[in-house]
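Presented below is the structure to which this report refers.
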Amino acid sequence: MSGAAALRHPPVRPDWLARRPETALEPDLPIIDAHHHLRNRPGDVYLRADFLEDAGQGHDIRASVAVECMAHFFPDGEPLLRPVGETHFLREQGAGTQVAAAIVGYADLTAGAAIRPVLEAHVAAGQGRFRGIRQIAAHHPDPAARGSTGTPPPMLLLDPAFRAGFSQLAPLGLSFEAWIYHTQLAELRDLADAFPDTRIVLNHVGGALGIGPYATRGRHVRAAWGAALRELSHCPNLSIKLGGMGMRLFGFGFHEQQDPPGSEQLAEAWRPYVETCVEAFGAERCMFESNFPVDKGSCGYVPLWNAFKRISRGWNPAERANAFHDTAARFYRL
């Protein structure tokens with residue numbers, strides 16, 4: 001793991017996670033894991049076998065969406081085309097299974113119209129699995145507030161060059177994954193309004209910061225974040241992923257506890273965020289995600305999904321079906 005990643009994401013500690021085993025609740029509830037990663041980097045390995053081990057502990061995981069993590073690029077050749085190597089890798093990892101049934105890759109959309117052949121190469125490499133692009137835009141001027149391993153420039157979503165490349169997505173039937181902090185949600189509203197025919201999904205409940213200058217301002221953050229989400233919900237081309245809250249940037253500090261959190265503790269902490277998203281967007285535009293192995297630094301796979309099941313117990317059957325399975329199935333055409 002790189003120095004930056006080590007600082008921003010808690011390490012995975014299997015012995016620590018094993019201190020609080022749980023049995024999967026409602027094991028017959030169909031689930032699509034709408035967001036996880038696969039990679040093989042020095043000190044940072046999480047491959048298909050690792051995901052299947054996590055997913056095979058009792059929850060009914062029907063399929064998964066594998067999202068880029070800037071790994072396995074081609075080592076040489078045209079620089080814009082090198083990220084297509086990650087799509088090859090993810091397709092090979094998922095071969096013969098429903099792991100990585102949908103693949104989200106990386107492309108530098110600031111290349112403008114020149115990105116079109118790169119997108120076409122991703123589609124070809126995915127062999128029917130490629131669905132969209134994520135170019136991380138999470139930026140904050142205060143380094144203490146940064147919780148993403150990406151280092152994009154400020155206001156990327158407003159950059160004319162980026163938008164010229166973004167305009168190439170919809171004609172190819174591709175979607176966009178927006179990973180930003182809550183302080184940038186107005187930029188996403190502007191982008192979604194400018195491209196109403198491009199399907200966008202906001203990652204990790206919209207990145208409500210709880211570290212650095214926001215560590216003691218939880219009430220203020222939740223109010224600003226919730227208001228911005230309600231504004232975003234007016235964009236019919238926008239959906240949202242419910243998860244990622246095991247990351248350090250949310251400020252829960254689960255990884256600092258003597259023992260890992262159980263699903264009841266996770267549900268109590270995450271409920272206000274999940275419920276705000278569902279109230280704003282409706283369950284038909286919400287999808288649960290594990291964000292593994294990143295969130296594995298804070299909790300186990302079984303407790304994570306148990307927490308989501310606890311949070312959603314009072315929802316009607318259609319709402320639960322959407323958030324756990326159907327929204328992801330529609331969005332990613334699974």
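The chain is numbered in sequence order, starting from 1. Owing to the predicted nature of the structure, the values given are computational and were not obtained by experimental measurement.
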Looking at D108 and R82, does any basic side-chain N land under 4.0 Å from a carboxylate oxygen?
-> no
Does the side chain to side chain donor-acceptor pair (under 3.5 Å) test come out yes or no for Q57 and E22, once each step is laid out?
-> CA-CA 9 Å; Q57 298 179 66; E22 287 194 23; over 6 Å; no
Test item: R222 and Y273 side chains (from C-beta on) under 4.5 Å apart, heavy atoms = yes
Side chain to side chain, D50 and P293, heavy atoms closer than 4.5 Å | no
What's the verdict on side chain to side chain contact (heavy atoms under 4.5 Å, CB included) for L158 and R163, showing C-alpha distance, side-chain angles and the deciding distance?
-> CA-CA 7 Å; L158 304 180; R163 291 191 171 196; 3.3 Å; yes
Audit row: F250, H204, ring pair (Phe, Tyr, Trp, His ring centres under 6.0 Å) steps and yes/no = CA-CA 10 Å; F250 285 91; H204 313 325; 7.8 Å; no
Neighbour count >12 (heavy atoms, 6.0 Å) for atom CD, E92 = yes
For residues H140 and Y214, establish whether the separation of their ring centroids is below 6.0 Å.
-> yes
Look only at the side chain of R62 and the backbone of P30, and say whether a donor-acceptor pair between them is shorter than 3.5 Å.
-> no
Taking R134 for the side chain and F176 for the main chain, is one N or O donor matched with an acceptor at less than 3.5 Å?
-> no
Are I136 and M245 co-members of a hydrophobic cluster defined by side-chain heavy atoms under 4.5 Å apart?
-> yes
Any donor-acceptor pair under 3.5 Å linking the side chain of Q184 with the backbone of Y181?
-> yes
Just distance, no hydrogens or angles: give the donor-acceptor pairs under 3.5 Å from side chains in residues 296-303, sequence neighbours left out.
| unit_1 | atom_1 | unit_2 | atom_2 | d |
| --- | --- | --- | --- | --- |
| K296 | NZ | D54 | OD1 | 3.2 |
| K296 | NZ | D54 | OD2 | 3.1 |
| S298 | OG | G246 | O | 2.6 |
| Y301 | OH | D33 | OD2 | 2.8 |
| Y301 | OH | W305 | NE1 | 3.3 |

Considering all heavy atoms, the nearest S263-N306 contact = CB-CB, 3.5 Å
Please check if atom CD in E268 has more than 12 non-hydrogen atoms from other residues, nucleotides or ligands closer than 6.0 Å.
-> no
R189 vs D193, salt bridge (charged side-chain N to carboxylate O under 4.0 Å, His left out): CA-CA, chis, key distance, verdict | CA-CA 6 Å; R189 171 67 192 268; D193 282 339; 2.9 Å; yes
Path from V221 to W270 over hydrophobic side-chain contacts below 4.5 Å | yes
Does any donor atom in the side chain of H37 or E68 lie under 3.5 Å from an acceptor atom in the other side chain?
-> no
Minimum side-chain heavy-atom gap D295-H36 below 4.5 Å = no
Shortest non-hydrogen separation from P261 to L266 and the atoms involved = CG-CD2, 3.6 Å
Donor-acceptor contact present, side-chain T110 to main-chain F162, <3.5 Å | no
Tell me, do I115 and L109 make a side-chain contact under 4.5 Å, heavy atoms counted?
-> yes
Report yes if the distance between the aromatic ring centroids of F195 and F166 is under 6.0 Å, otherwise no.
-> yes
Would you tell me whether E177 and Q135 have side-chain atoms, one donor and one acceptor, within less than 3.5 Å of each other?
-> no
Listed by chain and number, what are the side chain to side chain donor-acceptor pair (under 3.5 Å) partners of E86, not counting sequence neighbours?
-> none
Can you tell me if W179 uses its side chain to pair, donor with acceptor, with the backbone of S148 under 3.5 Å?
-> no
Do we see a donor-acceptor contact under 3.5 Å between the side chains of N322 and E284?
-> no
Checking side chain to side chain contact (heavy atoms under 4.5 Å, CB included) for the pair L188/I200: CA distance, chi angles, key distance, verdict?
-> CA-CA 9 Å; L188 181 59; I200 301 170; 4.1 Å; yes
With salt bridge (charged side-chain N to carboxylate O under 4.0 Å, His left out) as the test, would you mind laying out the steps for E289 and K241 before giving the verdict?
-> CA-CA 6 Å; E289 53 157 330; K241 291 185 178 180; 5.7 Å; no
Any donor-acceptor pair under 3.5 Å from H9 side chain to V294 backbone = no
Does F331 have R199 sitting over its ring (NZ/CZ under 6.0 Å from centre, angle to axis within 45°)?
-> yes
N316 side chain vs E319 backbone, donor-acceptor pair below 3.5 Å = yes
Is the number of heavy atoms from other residues, nucleotides or ligands within 6.0 Å of CZ (R219) greater than 12?
-> no
Quick one: sort the F254 and F252 rings into parallel, tilted or perpendicular, breaks at 30° and 60°.
-> parallel
State, to 0.1 Å, how close P272 and T276 come at their nearest heavy-atom pair, and which atoms those are.
-> O-OG1, 2.7 Å
To the nearest 0.5 angstrom, please state how far the CE atom of M70 sits from the CZ atom of R41.
-> 9.5 Å
Do P236 and L238 have side chains that get closer than 4.5 Å, going by heavy atoms?
-> no
So with a 6.0 Å cut-off around CD of E120, is the heavy-atom count from everything else above 12?
-> yes
Taking atom NE2 of H325 and atom CG of L334, what is their separation to the nearest 0.5 Å?
-> 8.0 Å
Should F281 and M287 be counted in the same cluster of Ile, Leu, Val, Met, Phe, Trp and Tyr side chains packed under 4.5 Å apart?
-> no
Side chain to side chain contact (heavy atoms under 4.5 Å, CB included) partner of I31, the single match among F324, F308, F288 = F324
Show the numbers, then the answer: is there a side chain to side chain contact (heavy atoms under 4.5 Å, CB included) between N291 and L304?
-> CA-CA 10 Å; N291 194 36; L304 179 144; over 6 Å; no
Between V65 and H35, is any pair of side-chain heavy atoms under 4.5 Å apart?
-> no
If two hydrophobic side chains count as joined below 4.5 Å and joins carry through other members, does F89 share a cluster with L80?
-> yes
Report yes if the side chains of H139 and L156 come closer than 4.5 Å at any heavy-atom pair, otherwise no.
-> no
Pairwise distance CG(D159) to CG(L191) - rounded to 0.5 angstrom | 11.0 Å
Smallest separation among heavy atoms of R271 and I311, with atom names | NH1-O, 3.2 Å
Ignoring hydrogens and angles, write down the donor-acceptor pairs under 3.5 Å from the side chains of residues 98-106, residues two or more places apart or on other chains.
none

ILVMFWY network linking L172 to L90, side-chain heavy atoms under 4.5 angstrom | yes
Would a 4.5 Å heavy-atom cut-off, applied to side chains only, mark R285 and R330 as touching?
-> no
Grab the two heavy atoms, one from A328 and one from I32, that are nearest each other, plus how far apart they are.
-> CB-CG2, 3.8 Å
Side-chain donor or acceptor of R131 paired with backbone N/O of L174 under 3.5 Å = no
L157/D190 under side chain to side chain contact (heavy atoms under 4.5 Å, CB included): CA gap, chis, key distance, verdict | CA-CA 8 Å; L157 302 185; D190 191 276; over 6 Å; no
What pair of heavy atoms forms the shortest contact from R39 to A71, and how long is it?
-> CB-CB, 4.3 Å
